[in-house]
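Excluded from the calculations below are hydrogen atoms, water molecules and symmetry mates; all remaining heavy atoms, backbone and side chain alike, are included. To find a chain, count down the sequence lines: A is the first, B the second, and so on, and within it residues start at 1.
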Protein chains: 2
Amino acid sequence: MFNILNIMTKKSAVLLPKTTHILETVGDQIKLARLRRKLSGEMVAERAGIGRNTLISIEQGKPTVSIGHYLNVLKVLGLEKDLLALAKDDDLGRKLQDAGLSTKERAPKKN
Amino acid sequence: MFNILNIMTKKSAVLLPKTTHILETVGDQIKLARLRRKLSGEMVAERAGIGRNTLISIEQGKPTVSIGHYLNVLKVLGLEKDLLALAKDDDLGRKLQDAGLSTKERAPKKN
DNA sequence: TTATAATGTTTAATATGATAAACAATAATG
DNA sequence: CATTATTGTTTATCATATTAAACATTATAA
């Protein structure tokens, strides 16, 4: 509590309220998908190769869990392809690209 | 190499080939979204509050990066709502639910 | 063609993610 | 109602995720 050193050396992700809400919503959706399949947390955790506590962290929307564990849980539920939606339909990006044209392998140099 | 103890005590996610490919594809999509915005890796990493190496891990599809860091990178690109797609359209789940009916707060007891 | 910024790799240090275990609370059954 | 499996919390331990720094490569733009 009030540990300035902890704040300055923090390595875990700091989320804004809106971002936190997104993660919690995803956690709820994953839990609902599990319950629809009538699977206990212990069963899903075991099949995903993770501990029970880590699955609970996912379902509660904790930002610390690795994307690999996330993905393996989605796979147990048959939902792993949902991840492909990330940065897939990049409308803004394509408009920016149309404006600037071309797509390079690297970002432009700042001169 | 050939460290049986490392295998038995592994905590990082073990992915199957198909799952690995999904993560790598997402990494490519994130990198493409960054380049369309003409942002350097250093700039995105700084805005997302992570190190440059961690962003590289994300763009290369490494399974170790936390969902929180992932989410903050997506936010820098204006794509954070994409995460809401995870376990959202659970077609199979809804069919299973229709078959079994009801939705409980917990998985059924196994007796 | 040349200069250089962007990207990628490796290494070492350390904060932390993931875990099991023990426990408490409670929803789901009979 | 009574029983109990599921869910959730806390704690301690340890493997590892994250980082900065130094360096190498190469695409970019003049």
Q: Looking at the base of C:dT7, is there any donor atom on it, or on the side chain of B:N53, that sits under 3.5 Å from an acceptor on the other one?
A: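 Looking at the base of C:dT7, it does not pair with any donor or acceptor on the side chain of B:N53 (distance under 3.5 Å).
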
Q: What is the distance, to the nearest angstrom, from the CD1 atom on B:I58 to the C1' atom on D:dA17?
A: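 Atom-to-atom, B:I58 to D:dA17, this comes out as 12 Å.
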
Q: Can you work out whether A:R52 or A:G49 has the more 5'-proximal nearest nucleotide on DNA chain C?
A: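 Here A:G49 is the residue nearer the 5' end.
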
Q: From B:L55 CG over to B:L39 CG, what is the distance, rounded to the nearest 0.5 angstrom?
A: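 Between atom CG of B:L55 and atom CG of B:L39 there are 10.5 Å.
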
Q: Of the options D:dT9, C:dT16, C:dA28, whose atoms approach the side-chain atoms of B:R106 most closely?
A: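 Among the listed nucleotides, the one closest to the side chain of B:R106 is C:dA28.
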
Q: To the nearest Å, give me how far apart NZ (B:K11) and C1' (C:dG17) are.
A: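 From B:K11 NZ to C:dG17 C1': 7 Å.
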
Q: Ignoring the backbone of B:S66, work out which of D:dT18, D:dT7, C:dT7 is nearest its side chain.
A: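 Output: D:dT18.
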
Q: Check every atom of C:dG17, C:dG8, C:dA6 against the side chain of B:S40 and return the nucleotide holding the closest atom.
A: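 Of the candidates, C:dA6 comes closest.
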
Q: What nucleic acid atoms does B:S57 come within less than 4.0 Å of, heavy atoms only: base, sugar-phosphate, or nothing?
A: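 It contacts nothing in the nucleic acid.
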
Q: Nearest to the side chain of B:S12, heavy atoms from C-beta on, is which of D:dT6, D:dT16, D:dA17?
A: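 So the side chain of B:S12 is nearest to D:dA17.
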
Q: Does the distance from a Lys or Arg side-chain N to an Asp or Glu carboxylate O, for B:R34 and B:E59, drop under 4.0 Å?
A: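 Yes, this pair counts.
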
Q: In terms of the nearest nucleotide of DNA chain C, which residue is placed more toward the 5' end: B:K109 or B:Q60?
A: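 The residue closer to the strand's 5' end, by nearest nucleotide, is B:Q60.
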
Q: Only one of B:I58, B:L79, B:D82 passes side-chain contact (heavy atoms from CB on, under 4.5 Å) with B:I30; say which it is.
A: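 Answer to the side-chain contact (heavy atoms from CB on, under 4.5 Å) test with B:I30 among B:I58, B:L79, B:D82: B:I58.
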
Q: Using a 4.0 Å heavy-atom cut-off across all strands, classify B:K62 as base, sugar-phosphate, or nothing.
A: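 Here B:K62 touches no strand at all.
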
